[in-house]
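We count ligands from 1, going down the list as the structure has it; atoms in each ligand are counted the same way. Below, each value reflects all heavy atoms present in this structure, side chains not excepted, and no hydrogens, waters or symmetry copies. Count residues from 1 along the sequence.
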Amino acid sequence: MSTRIAIIGPGAIGGTLAALLQTRADLSVSLIARTPFAALSVEQPDGSVLSSSPPVLTTPSTPAEAFDWVFVATKAYDASSVAPWLNALLSPITKIAILQNGVEHRQRFAELVPAAQLLPVMVDLPAERTAPGVLRQRGPALLRVPADPLGEAFVALFADTAVDVKTSDDFLSVLWRKLTINAPGAVNALLDQPNHIVQQPAIAELMRGIMLEVITVANAEGAQLDPTLADKILASMRRAAPDGINSLHADRRAGRTMEVDARNGAVVRAGQRHGIPTPLNTMAVTLLTALQPKT
Ligand SMILES: NC(=O)C1=CN([C@@H]2O[C@H](COP(=O)(O)OP(=O)(O)OC[C@H]3O[C@@H](n4cnc5c(N)ncnc54)[C@H](OP(=O)(O)O)[C@@H]3O)[C@@H](O)[C@H]2O)C=CC1
Ligand SMILES: CC(C)(CO)C(=O)C(=O)O
């Protein structure tokens with residue numbers, strides 16, 4: 001009997017992971033989309049394309065047979081719009097994995113999913129969406145989950161796939177480390193410029209300052225991040241594809257709402273809890289919020 005997985009939000013992350021999971025014959029993957037599409041096409045880092053046509057559902061209803069797993073891979077700001085789906089799909093056996101950036105996965109879904117059925121996932125997977133169902137994976141897919149029974153069951157789903165999934169005994173540090181990578185992406189979104197701007201020394205210095213604020217706040221929250229992390233991240237950003245675009249910047253380019261509250265906003269909130277000033281992240285939040293599309 002196959003393991004049934006539903007992926008809510010088949011965008012850059014949800015769609016790429018769906019394609020990679022479909023390489024396993026014993027998994028049955030359904031997509032839950034807001035904007036429907038007929039086929040999934042994922043260009044991989046080596047240029048090859050994974051094509052498939054999984055079922056795409058668009059209207060919430062309770063399935064005849066419960067899903068074993070539901071992945072939520074929408075932007076953080078779309079969490080409340082997922083509620084009708086979670087209400088329809090949640091069963092006592094269903095595990096819910098939240099694949100989003102930021103550090104507030106549990107808080108964001110506390111009202112929607114019983115804590116014992118919720119698994120936060122750290123996603124490190126550079127991917128871009130060019131049209132509904134049409135995705136480009138830019139680099140390796142790496143996921144990290146807490147070291148508990150849910151985390152171990154999640155790791156097992158990806159056995160024999162091209163996804164690097166592991167549990168971590170220090171998941172708090174894992175999440176904050178990822179937020180340290182994401183926070184300077186606000187500069188790309190503000191300037192509407194891709195990865196290559198990190199080659200400019202003044203921009204790199206600004207990004208470094210943003211990251212050092214995150215590291216200070218992270219450590220106050222109980223994470224264990226070394227300040228040298230900022231320079232390591234800068235070095236890896238310099239090696240990344242010069243035309244690569246982070247997902248916050250992709251949202252700005254597409255005229256969509258930007259995920260600034262879950263990223264730099266989370267840094268500012270945590271800083272306030274500890275009395276730690278975060279002027280650079282605060283400025284990023286203020287400017288990006290002013291740039292948000294009017295609804
Ligand atoms: N892209 C990247 O490189 C990375 C992204 N992340 C994180 O992963 C998360 C997802 O990002 P990403 O994949 O880039 O986002 P995308 O915008 O590419 O995809 C989000 C998808 O969710 C869909 N969606 C929104 N609301 C609903 C709903 N109520 N029901 C069904 N589908 C819905 C959107 O539909 P529609 O087509 O209508 O907009 C879209 O297809 C974010 O938290 C992001 O920060 C983490 C690491 C890397
Ligand atoms: C760091 C990066 C670019 C890929 O993992 C990301 O998290 C994003 O685009 O949101």
Do Arg24 and Asp160 meet the salt-bridge criterion of a basic N to acidic O distance under 4.0 Å? no

Under a 4.0 Å N-O cut-off, is there an ion pair linking Asp78 with Arg108? no

Just by distance, no angles: are the side chains of [X] and [Y] close enough, under 3.5 Å, to form a donor-acceptor pair?
| X | Y | answer |
| --- | --- | --- |
| Gln100 | His105 | no |
| Thr16 | Arg129 | no |
| Gln22 | Ser52 | yes |
| Asp170 | Ser173 | yes |
| Asp192 | His249 | yes |

side-chain hydrogen bond (donor to acceptor under 3.5 Å, both in side chains), paired with Glu128, selected from Arg253, Arg136, Arg138, Gln137: Arg138

Which residue owns the protein heavy atom closest to [atom], what's the atom, and how far is it?
| atom | value |
| --- | --- |
| atom 9 (O) of ligand 2 | Ser247 N, 2.8 Å |
| atom 3 (C) of ligand 2 | Asn246 CB, 4.0 Å |
| atom 6 (C) of ligand 2 | Asn182 ND2, 3.3 Å |

Just which atoms of ligand 2 are under 4.0 Å from any heavy atom in [X]?
| X | value |
| --- | --- |
| Asp124 | 5 (O) |
| Ile181 | 1 (C) |
| Lys178 | 1 (C), 5 (O), 6 (C), 7 (O) |

Check if Arg263 has a non-hydrogen atom at a distance under 4.0 Å from any atom of ligand 1. yes

Please confirm whether Ala73 approaches ligand 1 to less than 4.0 Å, judged on its heavy atoms. yes

Check: Glu43 side chain, Ser48 main-chain N or O, donor-acceptor pair, under 3.5 Å: no

Is a side-chain N or O of Asn195 found less than 3.5 angstrom from the main chain of Asp243, in a donor-acceptor match? no

Atoms of ligand 1, numbered as shown, that sit under 4.0 Å from any heavy atom of [X]:
| X | value |
| --- | --- |
| Pro126 | 3 (O) |
| Leu99 | 8 (O), 9 (C) |
| Gln100 | 43 (O) |

Check whether any side-chain heavy atom of Leu291 lies under 4.5 Å from a side-chain heavy atom of Met258, and answer yes or no. yes

Is there a polar contact between ligand 1 and [X], counting only N or O atoms under 3.5 Å apart?
| X | value |
| --- | --- |
| Asp124 | no |
| Leu125 | yes |
| Lys178 | no |
| Ala127 | yes |

Per-residue contact class, [X] against ligand 1 - non-hydrogen pairs under 4.0 Å:
| X | answer |
| --- | --- |
| Ala33 | backbone |
| Glu128 | neither |
| Ala12 | both |

Shortest heavy-atom approach to [atom] - which of [options]:
| atom | options | answer |
| --- | --- | --- |
| atom 28 (C) of ligand 1 | Ser81, Gly102, Pro84 | Ser81 |
| atom 47 (C) of ligand 1 | Leu248, Val121, Val123 | Val123 |
| atom 37 (O) of ligand 1 | Arg34, Arg129, Lys75 | Arg129 |
| atom 4 (C) of ligand 2 | Pro126, Ala141, Gly102 | Pro126 |

Does atom CD of Gln224 have more than 12 heavy-atom neighbours, drawn from other residues, nucleotides or ligands, at distances under 6.0 Å? no

